[in-house]
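In what follows, a structure is listed as structure tokens, so that the remarks can point back to it.
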Amino acid sequence: TPDTNVNGTPGDAITSYATVRNKSNNSIKIKVRMTVLSLTPGQMVYFCLGVCYPPRTDNFEMPDNDAVTLDPGEETTGLKFFDVALIPYGIEGSASVKMTFFVLGSPSDSIEYTVVFNSVTSVAENRDVPKLFAEPEPNPASDYILFNYNLSENANNANIEIYNFAGSLIDRIPINSSVNGIKYNTMHLPCGGYYSVLNTGGKEKAAKSFIISR
């Protein structure tokens with residue numbers, strides 16, 4: 001069952017997951033078409049199926065050459081994992097996107113679902129925290145990404161944690177107030193969506209999302 005209504009905060013990517021299974025007795029190649037039904041200005045959306053495509057604001061259909069092969073009974077998991085995400089870029093609002101999966105060469109053999117994303121700042125959220133942590137750049141990134149931050153002199157045990165969109169911790173990078181940024185090598189990261197969390201000893205946190213695309 002796909003996630004059709006997902007909520008999150010403006011500082012984080014908001015992700016919907018779905019799994020497609022080949023119920024036929026033959027191997028098939030599938031593609032995905034994204035139709036943007038509504039989008040708050042300043043926000044962007046993207047999806048991954050085998051590979052991740054850069055964030056955008058318009059409709060997009062993955063190229064034929066990227067079509068994913070599913071054997072009989074196989075699902076879109078592992079390296080064929082699918083997700084679609086809204087990147088709010090700090091902006092409140094909602095978005096609606098229709099995802100259509102179809103067999104290469106047979107568009108009528110399809111299945112679709114529509115997801116509504118809601119980006120809302122909670123009352124309890126510290127609105128000053130995002131000033132500590134700039135948007136990672138470049139984004140999308142390939143072989144490196146720059147994390148720029150502004151720590152107070154008494155910030156102890158500060159670090160940047162890297163998570164994938166499934167919530168798994170990928171890396172933890174110690175940082176200090178003597179410099180205002182680091183250049184992080186991303187060559188070991190598979191293509192996909194990630195988010196970075198600036199943690200200043202448990203006192204303040206800020207999160208930013210980024211994409212690895214090659």
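Index from 1, following the sequence.
- A ring-centre distance under 6.0 Å is not found for Y46 and F60.
- Applying the 4.5 Å side-chain rule to ILVMFWY residues, one finds L146 in the same cluster as Y144.
- Relative ring orientation between F210 and F147 is described as perpendicular, the plane-to-plane angle rising above 60° on a 0-90° scale split at 30° and 60°.
- Tracing side-chain contacts under 4.5 Å through hydrophobic residues (I, L, V, M, F, W, Y), one reaches I160 starting from I170; they form part of the same cluster.
- Partners of D71 by side-chain contact (heavy atoms from CB on, under 4.5 Å), not counting sequence neighbours, listed by chain and number: S27, T69, E74.
- Within the structure, salt bridge (Lys or Arg N to Asp or Glu O under 4.0 Å) pairs that include any residue of residues 168-185 comprise E161-R172 (at least two apart or interchain).
- Going from atom CD1 of I30 over to atom CG of L70 covers 4.5 Å, rounded to the nearest 0.5 Å.
- Residues satisfying the side chain to side chain donor-acceptor pair (under 3.5 Å) criterion with N22, sequence neighbours excluded, are S24.
- Here N159 contributes atom CG and S196 contributes atom OG; the two are 11.5 Å apart, rounded to the nearest 0.5 Å.
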Is there a side-chain contact (heavy atoms from CB on, under 4.5 Å) between V51 and C191? Walk through the geometry before answering.
CA-CA 6 Å; V51 297; C191 291; 5.6 Å; no
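- Put simply, V6 and F82 are part of the same group of oily side chains (I, L, V, M, F, W, Y) that touch within less than 4.5 Å, one to the next.
- Residue pairs that meet the salt bridge (Lys or Arg N to Asp or Glu O under 4.0 Å) test with at least one member in residues 132-144, sequence neighbours left out, are E135-K208.
- At a threshold of 4.5 Å between side-chain heavy atoms, the hydrophobic network of Ile, Leu, Val, Met, Phe, Trp and Tyr places L49 and F81 in two separate groups.
- Side-chain atoms of K31 never come within 3.5 Å of backbone atoms of A67 as a donor-acceptor pair (strictly under, hydrogens ignored).
- One finds the CZ atom of F133 at 12.5 Å from the CG atom of N150 (value rounded to the nearest 0.5 Å).
- For R21, there are no side chain to side chain donor-acceptor pair (under 3.5 Å) partners at least two apart in sequence or on another chain.
- Summarising the geometry, atom CD1 belonging to I145 is positioned 7.5 Å from atom CD1 belonging to I162; distances are rounded to the nearest 0.5 Å.
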Side-chain donor-acceptor contacts of residues 100-118 below 3.5 Å, not counting sequence neighbours, with atom names and distances?
{"unit_1": "T100", "atom_1": "OG1", "unit_2": "E112", "atom_2": "OE1", "d": "3.4"}
{"unit_1": "Y113", "atom_1": "OH", "unit_2": "S16", "atom_2": "OG", "d": "3.0"}
{"unit_1": "N118", "atom_1": "ND2", "unit_2": "N5", "atom_2": "OD1", "d": "3.1"}
{"unit_1": "N118", "atom_1": "ND2", "unit_2": "N7", "atom_2": "OD1", "d": "2.9"}

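- From M44, atom CE reaches atom CZ of R56 across 8.0 Å, with rounding to the nearest 0.5 Å.
- The hydrophobic cluster of L79 has no other members, since no ILVMFWY side-chain heavy atom comes under 4.5 Å of it.
- Q43 and T57 get closest at one heavy-atom pair: O-CG2, 3.6 Å.
- Minimum heavy-atom separation, S142 to M187: O-SD, 4.2 Å.
- For E75, the side chain to side chain donor-acceptor pair (under 3.5 Å) criterion is met by no residue, not counting sequence neighbours.
- Here the side chain of T76 pairs a donor or acceptor atom with the backbone of V20 at under 3.5 angstrom.
- N139 contributes a side-chain N or O that, together with a main-chain N or O of I211, makes up a donor-acceptor pair within less than 3.5 Å.
- Atom NZ of K29 sits in a sparse spot, with 12 or fewer heavy atoms from other residues, nucleotides or ligands closer than 6.0 Å.
- The side chain to side chain donor-acceptor pair (under 3.5 Å) search around D66 returns Y53, not counting sequence neighbours.
- A95 and L39 get closest at one heavy-atom pair: CB-CD1, 3.6 Å.
- Between the side chain of T77 and the backbone N or O of T19, no donor-acceptor pair lies under 3.5 Å.
- Judged as a disulfide (SG to SG under 2.5 Å), the pairs with a partner in residues 31-90 (not counting sequence neighbours) are, in order, C48-C52.
- In the hydrophobic clustering of ILVMFWY residues, with side-chain heavy atoms under 4.5 Å counting as a link, F47 and I212 come out apart.
- Smallest separation of non-hydrogen atoms from E92 and T40: O-CG2, 3.6 Å.
- Y194 and I14 are not part of a single hydrophobic cluster, where members link through side-chain heavy atoms under 4.5 Å apart.
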